[in-house]
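Shown next, in structure tokens, is the structure this report addresses.
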Amino acid sequence: MEKEVLDFVVGKTHDLMDAASCSSEAKTAAQAWLDALGTENEAEETKKYIAELEADIMPIDGLIAFAESDAGAQVFGADAAKNVAAHAKEIKAAGAKYCDCPACAAAEAILEKKDMML
């Protein structure tokens with residue numbers, strides 16, 4: 001992996017791990033990847049990390065459906081869920097494919113570099 005790509009992904013990985021919206025599984029995969037850099041396990045951990053990010057990133061339609069559901073109202077609160085749904089519809093109309101929370105934004109940025117990481 002080129003140094004420029006590595007530096008970018010490491011930075012975004014720290015952004016991901018610092019995000020309140022980051023899942024514990026993604027944090028674990030991110031840390032395992034960071035720990036494996038420069039070792040014989042790097043390639044294997046890179047594949048695992050990418051797979052975890054692909055599993056965790058929230059497609060915009062999934063976010064809208066969740067925010068408009070009873071479960072979304074329970075997680076966000078009724079008023080906030082309406083705001084999340086409205087925001088998600090707005091960014092979808094502007095072309096967004098994924099949620100734009102800090103964790104998903106970091107995951108999307110990393111996944112854009114996945115071909116250069118492997």
Rounded to the nearest 0.5 angstrom, the CE-OG1 distance for Met17 and Thr13 is 8.0 Å

Just checking, any donor-acceptor pair under 3.5 angstrom between side chains of Gln31 and Asp35? yes

For Ala26 and Cys22, which heavy atoms make the closest approach, and how far apart are they? CB-SG, 3.7 Å

Please tell me whether Thr46 and Trp33 have a donor and an acceptor in their side chains that are separated by less than 3.5 angstrom. yes

Does Phe66 CZ have over 12 foreign heavy atoms under 6.0 Å away? yes

So do the side chains of Glu42 and Met1 get within less than 4.5 Å of each other, counting heavy atoms only? yes

Nearest heavy-atom contact between Ala81 and Ala73 is CB-CA, 3.9 Å

So Phe76 and Asn83, do their side chains get closer than 4.5 Å, heavy atoms only? no

Check ion pair Glu45-Lys48 (N to O, under 4.0 angstrom): yes

Within the 4.5 Å heavy-atom criterion, are Ile110 and Met117 side-chain neighbours or not? yes

Determine yes or no for a side-chain-to-main-chain donor-acceptor pair under 3.5 angstrom, with Glu90 supplying the side chain and Ala86 the backbone. no

Note, Leu37 side chain near Leu6 side chain (heavy atom, < 4.5 Å): yes

Joint cluster assignment, Met116 & Leu34, ILVMFWY side-chain distance < 4.5 Å: yes

Output for pair (Leu63 CG, Cys104 SG), nearest 0.5 Å, gives 8.0 Å

Less than 4.0 angstrom from a charged side-chain N to a carboxylate O is my criterion; do Glu68 and Lys82 meet it? no

Within a strict 4.5 Å, meaning less than it, do heavy atoms of the Tyr98 and Asp61 side chains meet? no

Kindly determine whether Glu54 and Lys114 satisfy side-chain contact (heavy atoms from CB on, under 4.5 Å), including the steps that lead there. CA-CA 10 Å; Glu54 289 175 335; Lys114 77 176 184 179; 2.4 Å; yes

Once rounded to the nearest 0.5 Å, what's the spacing between atom NZ of Lys92 and atom NE2 of His87? 14.0 Å

Nearest 0.5 Å, please: how far is CD in Glu108 from CG in Leu53? 11.5 Å

Do you know which two heavy atoms are closest between Asp56 and Ser23, and how far apart they sit? OD2-OG, 2.6 Å

According to a 4.5 Å side-chain heavy-atom criterion applied to Ile, Leu, Val, Met, Phe, Trp and Tyr, with indirect links allowed, do Ile50 and Leu16 form part of one hydrophobic cluster? yes

Roughly how far apart are Cys99 SG and Ile60 CD1, rounded to 0.5 Å? 6.5 Å

